[in-house]
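Reckoned from all heavy atoms, side chains included, excluding hydrogens, waters and symmetry mates. Note that this is a predicted model, so its numbers are computed, not measured. Letters A, B, ... are given to chains in the order of the sequence lines, protein chains preceding strands, and every chain is numbered from 1.
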Amino acid sequence: MATVKEMPDESAFASTISALPPSTLLVIYFHAPWAAPCKQMSTVLSALASTYPADAPLSFLSLNAEELPEISEQYDVTAVPYIVLQKDGRTLETVSGSDAAKVRAAVEKYAGTGSGDATKSSLPPLQAVTKPPQNAANGANGSANGTKNLAAYAPSASDPKTAPEYTSSEPASKEELFKRLGELVKAAPVMLFMKGTPSAPQCGFSRQTVSLLREKGVRYGFFNILADDEVRQGLKEFADWPTFPQLWVGGELVGGLDIVKEEFENDDEFLKDYVVKGGPAAAAT
Amino acid sequence: MSQSLTPMEDAMRAKLTESLNPTTLEIINDSHLHSHHKAMAGVTSKETHFRVIITSPAFQSKPLLARQRMVNTLLKEELAQEGGIHALQLKTRTPEEEDRMKAKEAEQ
């Protein structure tokens, strides 16, 4: 079965790609070790890869965006997780964020659904193993037959589409929740807690914040608070701040859109350390 | 006395004036710009989204976050209540900062 291959450096990436036929669908996944949603996405991609036979014309490549900055810049990666689907040297589609269903849909759109050889993976046996009828194009319908093999993957808190139905196994105690939030705000040097995702903001203020950060070329991690009500309410208390979006830098709350706008206006150095192009590489935690 | 049509705004004005002694206090109701948003479905209040411009010496030597926190604390109830303030845009200035801004604008 296919697996996700980690690319340790730029030359490995280059030689891997050149060794593959150009018609191979490349699923290039940018991640960062400090980004919690990336751990979920890694699991999703491994599961997705495993549904394809090893000789399928597609290849899953995983890149640590921080360690391979030139490639990250080449693909204009400003937030992780970030997935690029490429074929014949052309980018077909990009998926930003931790929406497992969206990634699955995009891969199946171009590669068809994986055939049923999932017996070797850790997923439970499929019910409909024979080639599913033409639903590869219906990628958006995550519950259609071909995608059943990923049902074993429990949606994580940061998976926007399915999280509202997700019930946690036990409700976290306040202390545990705050501990979790304490880690979450440090998940990236610059963390944006927003409504929606950078590619699909669900609120005007969140959208403006994303726009501003993109304009300044700031690299940041994000968390969709609409997908996790526990974090949404918990963070209001943890931060002592009633609204979203919230921008956190180095584990400290900077503020919302107003403050971020004003900081950029008043302070030339604001977030300069975290800029993708030209600035020094974003500090790892 | 007849019922005010803007109870939320009145409450905001009263609280902010009493505690911060502002030299400038503008409260602009933007709710109508957002009333069609999905998040506002089922909300009957016409006072959900506000922009507040406030100049007060109380903000002296306080970073932006602290200033906004002061305002948030004063409006805690209104922010917390069901159907209360959903969004609050704040411009918090000291009198000196306001003068500086005005001078800059006059130059342009």
**Study point:** Salt-bridge contact A:Glu262-B:Arg67 (side-chain N to carboxylate O under 4.0 Å)
**Key:** no
Point to revise | Heavy-atom proximity to chain A below 4.5 Å, by part of B:Leu79 | key: side chain
Exercise for review: Name the region of B:His86, side chain, backbone, both or neither, that has any atom closer than 4.5 Å to a heavy atom of chain A.
Suggested key: both
Review point. What part of A:Lys236 gets closer than 4.5 Å to chain B, counting heavy atoms only: side chain, backbone, both or neither?
Key: neither
Review point. Would the number of heavy atoms belonging to other residues, nucleotides or ligands and lying under 6.0 Å from CZ of A:Arg207 be above 12?
Key: no
Revision key, fill the gap. The interface call for A:Phe205 against chain B, heavy-atom contacts under 4.5 Å, is side chain
**Study point:** For the student: nearest non-hydrogen atoms of A:Asp258 and B:Leu88, plus distance
**Key:** OD2-O, 4.0 Å
Point to revise | Heavy-atom proximity to chain A below 4.5 Å, by part of B:Ile85 | key: neither
Practice item. Might you point out which heavy atoms bring A:Leu253 and B:Leu65 nearest each other, and give the distance in Å? Key: O-CD2, 3.3 Å
**Study point:** More than 12 heavy atoms of other groups within 6.0 Å of A:Gln233 CD
**Key:** yes
Check your understanding: Any chance CD of B:Glu96 has more than 12 other-residue heavy atoms, nucleotides or ligands included, within less than 6.0 Å?
Key -> yes
Practice item. Walk me through it: do A:Ile259 and B:Gln68 pass the test side-chain contact (heavy atoms from CB on, under 4.5 Å)? Key: CA-CA 9 Å; A:Ile259 295 185; B:Gln68 296 212 355; 3.4 Å; yes
